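One structure is given here, and the rest of the page talks about it.
Any value given below was found using the heavy atoms of this structure, including those in side chains, with hydrogens, waters and symmetry copies removed. In the text below, chain A, chain B and the rest are named by the order of the sequence lines, each starting its count at 1. Note that the structure is a prediction, hence the values are computed from the model and not measured.
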Amino acid sequence: MEKKLPTIEIIEKYCKGCHICVEFCPTKVLEMQGFVAAVKNLEACIKCMQCELRCPDFAIKVKP
Amino acid sequence: MAFDYDKYLRPGKLPHIWCPGCGHGIVMKGMIRAIDTLGLKKENTAIVSGIGCASRLPGYMDCCTLHTAHGRAAAFATGVKMARPEMTVLLVGGDGDGTAIGGNHFIHACRRNIDMTYIIMNNNIYGMTGGQFSPCTPTGAKASTTPYGNPDPAFDVAKLAIGAGATFVARGTAYHANQIDKLITEAIQHKGFSVVEILDDCPTTYGRRNKFKSVIEMMNRLKDIAVPVKAAEKMTPEQLQGKVLTGILYKEDKPEYCEQYAKVIERAQGGAK
Ligand SMILES: Cc1ncc(C[n+]2csc(CCOP(=O)(O)OP(=O)(O)O)c2C)c(N)n1
Ligand code: SF4
Ligand code: SF4
Ligand code: SF4
Ligand SMILES: [Mg+2]
């Protein structure tokens, strides 16, 4: 069975580019694109929710 | 499902004013999840603060909120709780607000054991006013007012709270985001004065002056120094050098202030002797 990919929404107007989500994602799903975070490798996401929990700016929503 | 924070926020207030990587936002999210876990009603939840970056928190929350004078949040919150003991009262603020100008209010709220929860965001500095040292700035650290290094030892907020009589004391960090809501939830459930210290970061006024190259370095420091109380039991004093304990540090049942005061009223009105 194909695994269901999560949806990761990054609200760019809230993101302040702190790098926290990128740095602490255990599987390196995210990257910085200029000043905002972006999804680089959705397939690798293990849906741990750490990025959503740690983002100080309410800028990431993960729907597993 | 992604957690719906918007439900608890005043519409149109984001983005908030905190700097990139400031941990205050992480703490606010933890507090919201605790409110959600307990199913607290907005009209029955008061969030009270003093002055500082941390104290800006109530402005974002769609609850009953009170942004008061610097260091005086405990006094205002006491008034709210005395008038409406059925309300859940949360106090929020920074280390400067709570242990410098508000130190007196802080210890006496602990001593009284009034049923509320105090979330103190300890970033070791006066963030809002540009980085003056606070009673929680570590010895040797640089602040705008200690350019050659701080000669003072820092308060241990948790020990201060326990010594002053708080009946629930816990500590977490902004890095350990998923623990914050659990600590706050237990703190709110405890009947009496509960203190939750969250070790926090201020990259803008503390990090820069103290050779942290980035927010990530500050977060990694929080990650490295934190030792859960259970794990610490198996560690030697040498291994615990430079570490701080996290989790629930103290819990005790003692008479609560509003209940004691209700008895005073009863006696004064000629009821129970
Ligand atoms: C009576 C009074 N004295 C001084 C100030 C200036 N002041 C505003 S915020 C602050 C310190 C805030 O530090 P802290 O509570 O640690 O919050 P942070 O900004 O670090 O989150 C000070 C001294 C004030 N607003 N009112
Ligand atoms: S949910 Fe976990 S694995 Fe997925 S992007 Fe966020 S931090 Fe990375
Ligand atoms: S943690 Fe939030 S604010 Fe920081 S870079 Fe990621 S999305 Fe942006
Ligand atoms: S000055 Fe410091 S405490 Fe204030 S918002 Fe910026 S990082 Fe946070
Ligand atoms: Mg501070």
Side-chain angles (χ1 to χ4, degrees), chain A, chain B residues 1-33 53-54 56-57 60-61 121 123 172-182 198 200-204 207 212-220 222-223:
Chain A
M1 209 180 87
E2 221 174 294
K3 78 169 188 184
K4 186 176 165 286
L5 290 177
T7 318
I8 302 178
E9 182 195 356
I10 294 164
I11 306 166
E12 293 193 5
K13 64 173 197 256
Y14 293 171
C15 173
K16 290 182 189 149
C18 71
H19 291 234
I20 288 177
C21 58
V22 172
E23 194 68 30
F24 296 110
C25 167
T27 53
K28 303 285 162 234
V29 173
L30 307 163
E31 67 175 353
M32 295 306 297
Q33 276 179 11
F35 292 108
V36 293
V39 179
K40 173 181 67 177
N41 183 14
L42 189 63
E43 306 272 320
C45 179
I46 55 167
K47 309 173 191 178
C48 68
M49 312 300 283
Q50 290 300 323
C51 55
E52 183 183 297
L53 276 166
R54 283 210 187 91
C55 171
D57 285 277
F58 300 78
I60 292 201
K61 291 183 198 296
V62 181
K63 297 188 186 92
Chain B
M1 214 37 220
F3 187 91
D4 183 15
Y5 293 99
D6 295 341
K7 208 163 86 181
Y8 296 92
L9 295 171
R10 292 193 171 128
K13 288 278 188 181
L14 292 180
H16 54 57
I17 53 132
W18 296 314
C19 304
C22 173
H24 296 347
I26 304 175
V27 180
M28 180 159 79
K29 287 168 71 182
M31 190 190 79
I32 292 173
R33 293 194 303 279
C53 296
R56 294 292 294 262
L57 189 153
Y60 301 105
M61 294 294 303
M121 289 165 251
N123 58 11
T173 87
Y175 172 82
H176 301 88
N178 63 351
Q179 187 189 32
I180 297 174
D181 49 321
K182 296 178 181 75
I198 305 295
D200 207 341
D201 67 318
C202 172
T204 306
F212 287 98
K213 288 199 199 74
S214 64
V215 167
I216 304 307
E217 277 193 15
M218 298 194 85
M219 284 288 154
N220 276 326
L222 294 175
K223 179 182 173 184

request  = Would you check if the side chain of A:Lys16 reaches a backbone N or O of B:Cys22 as a donor-acceptor pair within less than 3.5 Å?
outcome  = no
Side-chain donor or acceptor of A:Arg54 paired with backbone N/O of B:Tyr175 under 3.5 Å = yes
Is any side-chain heavy atom of [X] closer than 4.5 Å to a side-chain heavy atom of [Y]?
X	Y	value
B:Asn178	A:Gln50	yes
A:Leu53	B:Arg33	yes
A:Met49	B:Phe3	no

request  = Quick one: closest heavy-atom pair of A:Pro56 and B:Gly21, and the distance?
outcome  = CG-CA, 4.3 Å
In terms of heavy-atom pairs under 4.5 Å, which option from [options] contacts chain A the most?
options	answer
B:Pro15, B:Gly23, B:Pro203	B:Pro15
B:Val215, B:Asp181, B:Leu14	B:Leu14
B:Gly30, B:Pro20, B:Ala177, B:Ser214	B:Pro20

Could you tell me which portion of [X] (side chain, backbone, both or neither) has an atom closer than 4.5 angstrom to a non-hydrogen atom of chain B?
X	value
A:Cys15	neither
A:Lys47	neither
A:Glu9	neither

Flag if over 12 foreign heavy atoms under 6.0 Å of NZ, B:Lys13 = no
inquiry  = Less than 4.5 Å to any heavy atom of chain A: does that hold for the side chain of B:Ile180, its backbone, both, or neither?
reply    = neither
ask   = Which atoms of B:Asp6 come close to chain A, meaning under 4.5 Å heavy atom to heavy atom: side chain ones, backbone ones, both, or neither?
value = side chain
inquiry  = Only pairs of heavy atoms separated by less than 4.5 Å count here; which of A:Asp57, A:Ile11, A:Thr7, A:Val22 has the most with chain B?
reply    = A:Asp57
query = Top residue by heavy-atom pair count (under 4.5 Å) with chain B, among A:Cys55, A:Ala59, A:Pro6?
reply = A:Cys55
inquiry  = To the closest 0.5 Å, what do you measure between SG (A:Cys18) and CD1 (B:Ile26)?
reply    = 7.5 Å
message = How long is the straight-line distance from CD of A:Glu23 back to CD1 of B:Ile216, given to the nearest 0.5 Å?
response = 5.0 Å
request  = List the steps and the verdict of side-chain contact (heavy atoms from CB on, under 4.5 Å) for A:Tyr14 and B:His16.
outcome  = CA-CA 8 Å; A:Tyr14 293 171; B:His16 54 57; over 6 Å; no
